[in-house]
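The structure appears right after this line, and notes come after that.
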4 protein chains.
Amino acid sequence: MSSPSLPHPCAAELPKRERRKEARPGELLDAALDLFVEKGYAATKVDEVAARAGVSKGTLFLYFASKEELFKAVVRENIAGRFQLWNEEFERFEGSTADMLRYCYSSWWEHVGSTRASGITKLMLSEAGNFPEIAQFYQQEVADPGQQLIRRMLQRGVECGEFRACDIDCAVYAVLAPLIFLTLCKHTMATCVPEAFRTAPQGFLDIQLDILLQGLCAPAGTPIATR
Amino acid sequence: MSSPSLPHPCAAELPKRERRKEARPGELLDAALDLFVEKGYAATKVDEVAARAGVSKGTLFLYFASKEELFKAVVRENIAGRFQLWNEEFERFEGSTADMLRYCYSSWWEHVGSTRASGITKLMLSEAGNFPEIAQFYQQEVADPGQQLIRRMLQRGVECGEFRACDIDCAVYAVLAPLIFLTLCKHTMATCVPEAFRTAPQGFLDIQLDILLQGLCAPAGTPIATR
Amino acid sequence: MSSPSLPHPCAAELPKRERRKEARPGELLDAALDLFVEKGYAATKVDEVAARAGVSKGTLFLYFASKEELFKAVVRENIAGRFQLWNEEFERFEGSTADMLRYCYSSWWEHVGSTRASGITKLMLSEAGNFPEIAQFYQQEVADPGQQLIRRMLQRGVECGEFRACDIDCAVYAVLAPLIFLTLCKHTMATCVPEAFRTAPQGFLDIQLDILLQGLCAPAGTPIATR
Amino acid sequence: MSSPSLPHPCAAELPKRERRKEARPGELLDAALDLFVEKGYAATKVDEVAARAGVSKGTLFLYFASKEELFKAVVRENIAGRFQLWNEEFERFEGSTADMLRYCYSSWWEHVGSTRASGITKLMLSEAGNFPEIAQFYQQEVADPGQQLIRRMLQRGVECGEFRACDIDCAVYAVLAPLIFLTLCKHTMATCVPEAFRTAPQGFLDIQLDILLQGLCAPAGTPIATR
DNA sequence: GATGAATGAGTGTTCATTCAT
DNA sequence: TATGAATGAACACTCATTCAT
């Protein structure tokens, strides 16, 4: 029914050398992402990256003009065009806004938080100061679209009476904060939180959602934050 | 024969040279904190630190055995022993737990978030991987006590019926996340959030408290997070 | 069965592939000469040479064992065996020695000075220090025969009473200097002399000849250079 | 009456370290000039320069920002402001123009040709192509003033009837060529000419002067260069 | 104690050369 | 034969650290 032994259809026709050439940039970006996330930009040596990718230092420079370009490529490569998909899902979504928020957290964890892509956020937080150009790119490609999406969600909730009115600008960050926090727990606060929390944070996300939704859904006139 | 206007009581009796000598380490730590926070560990040159402190490079090494020791000293020095005071305040506090949480956020912003001490958190997030020893120290001195304090607050709220029962381990992080988030906004996500948000985040903290308290205070049986 | 218009007689009978193969070394030497002369030995990359010759880097090493060998081949290849011809012309020459000298300058410009062969002299002047072996070869093949030829010309002039007696060893260099100077003007002092001078130096050569001949032809007893 | 043992008056008051600091740039430029002239720019390693100056590589970079800056400094440093002095001498000169030309050659040999300053000319001839900026500087500071001086000398000779009229632009180069030639003999054509010629070329310069002056001084109507 | 000149191990980058295809 | 991906030795340059003054 299926061809029993062809390793990979598109690779089958290329001589080994060629296949490697196509794979090289990816393998290098792969190795580089790991090391940059683990040790930071400065502490990562290009020899290490090359070695981890199984090539020599010279080969790395065949594909990336400099360490800085390698870093930029790592960031660009891993910033998925996920926001377009998420925006489309937002448009089509027919359930409650609460469910939408739940889906949003869950999808984030599945496609970003639990994957190596989350390392990019850590990199930005650590290195943004030294790469303003990249930081701006990240903001345009990730930060701004993300905040927009959350804002639209909250506005939807308020407009259809599901959420009480509130300062949406601030509420956006209330939604965002737990995701950022979780990312950091995974990458740089490892020892500060229990292992289970980092690898299977569904409980944390659920609690956050509960609290958020309880907070956002309270009747409009609820007297809160009295002091 | 005695100078009539003494600038500083403890410095009064020392000749100028001596006074400076005592002040040196502090001035160096001061300069170092700023630079480490701004540029990261690797990108900070010891010459810069010395220059900013107004001394020569050699002098820096008179007080700190190495750049690494300087870094560690910066972290240690700025990790205030504030938790002892906060713990005492917790013991004495007589108001509602909601008010206690409000006081906690407010005090954190006043004594940590709005001060340079918040830079230490940023440093830990960026450099912890390369300084495990320091990371552990930070955890013992800051992370653990902080989480303990929050936990006790939440337990108090639950025990006296103010908060509904919930997974306290996770709720701790719900309280913590906004503070971490705010710290990052100030130090590494500057361009991602409005200026006003970073320098005067009372609105953000209020919203967070509202949402948190609404979420935590909901009647025990409140049906939430159905899915 | 025979192609009607043969582009080149000796290439006619070979299939295209073969022809190219034979032409390869020449094309490479061609490209290399240009680049070595223009940029110097060290600043010339073998990739550039290969690219200019329209082949890959690997192919270059098929024909020349190393960059150094390529350089040596460039020099050897372009050191014309012109001296044999010139020597024969010298033997047969029947006019005055002054005319012979004029012919010599003119022929040098036509066959060396105005052609790329003059680049070899520039190369020697620039790189001889790093290629003693090649420098020696150049001396044997070019410098010595050239000086010999000039010497014989001057001796002929003196012997037949056309030129006054003088230190011939030094006079040789008086004849040589303008040619060396002209070569340098073309290749490395471009900006120091007017454009017209470099590309059409007949005027310069004429003046030089005038001065030289006036100087060499003065009556034997002419009191000169008194001081 | 004289202090018997003070090594150097101006150095006596400085501590040894300080003195060295002032001497360092000069020592490095010294070493660099030798090596650049001997081996060319690319083949000269900064370590070698440092070693020859008796310091470490790091020290070199304390005084010169890069290898290129070192090279430029070498050229600038050795391009004496000799032309100002020569111009003044020209203004004051009261003898014949022939004597002036003799003095000119002799002074050039004494102050340039026989010294290491002549190495700069060799450097320019070899490396100008790779350092256009330096080449321009050299032209302005050396080539142009030199040609100007020669031109004025020739004009003086023609105007006072000593020299016959001729194309002065070309005659300038006739005067220049032997000096360039001699420089090259010393630095890159060493093996092409006898040892004595390079180190004591007075004979050569005399002959050149004789020929030049015979050529330039011939009566205006002398029939020359007939062809 | 304070200085800053000197150091040299370490790193990013280049490029002639090799060799599997 | 021709290719061009891969290599690694070599080099310019940095910067934490030392130490004579």
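For the numbers below, each heavy atom of this structure counts, side chains included, while hydrogens, waters and symmetry mates do not. Computed from a predicted structure; not experimentally measured. Letters A, B, ... are given to chains in the order of the sequence lines, protein chains preceding strands, and every chain is numbered from 1.
Using a 4.0 Å cut-off on heavy atoms, the residues of residues 66-78 of chain D that approach DNA chain F are D:Ser66, D:Lys67, listed by number. Contacts between residues 33-50 of chain B and DNA chain F, counted as heavy-atom distances below 4.0 Å, involve B:Thr44, B:Lys45, B:Val46, B:Asp47. Less than 4.0 Å separates DNA chain E from at least one heavy atom of each of the following residues of residues 51-60 of chain D: D:Val55, D:Ser56, D:Lys57, D:Gly58, D:Thr59.
Scored by the salt bridge (charged side-chain N to carboxylate O under 4.0 Å, His left out) test, C:Lys72 finds C:Glu68, C:Glu69, C:Glu133 as partners (sequence neighbours excluded). Taking the side chain to side chain donor-acceptor pair (under 3.5 Å) definition, one finds that B:Ser56 meets it with B:Thr59, sequence neighbours left out. With sequence neighbours left out, the side chain to side chain donor-acceptor pair (under 3.5 Å) criterion links C:Thr121 to C:Tyr138. In this view, D:Lys122 satisfies the salt bridge (charged side-chain N to carboxylate O under 4.0 Å, His left out) rule with no residue, not counting sequence neighbours. When the salt bridge (charged side-chain N to carboxylate O under 4.0 Å, His left out) test is applied to D:Arg76, no partner is found at least two apart in sequence or on another chain. Shown here are the side chain to side chain donor-acceptor pair (under 3.5 Å) partners of B:Lys45, two or more places apart in sequence or in another chain: there are none. Listed by chain and residue number, nothing satisfies the side chain to side chain donor-acceptor pair (under 3.5 Å) test with D:Thr188 (two or more places apart in sequence, or in another chain). The salt bridge (charged side-chain N to carboxylate O under 4.0 Å, His left out) check on A:Lys57 picks up A:Asp47, with sequence neighbours excluded.
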request  = Quick one: the dot-bracket string of DNA chain F, using Watson-Crick and G-U wobble pairs with both distances under 3.5 Å, [ ] for crossing pairs and | for bases paired to another strand.
outcome  = .||||||||||||||||||||
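Looking at C:Leu70 and C:Leu29, their side chains come closer than 4.5 Å, going by heavy atoms from C-beta outward.
Not one side-chain nitrogen or oxygen of C:Tyr63 sits closer than 4.0 Å to the OP1 or OP2 atom of F:dT1.
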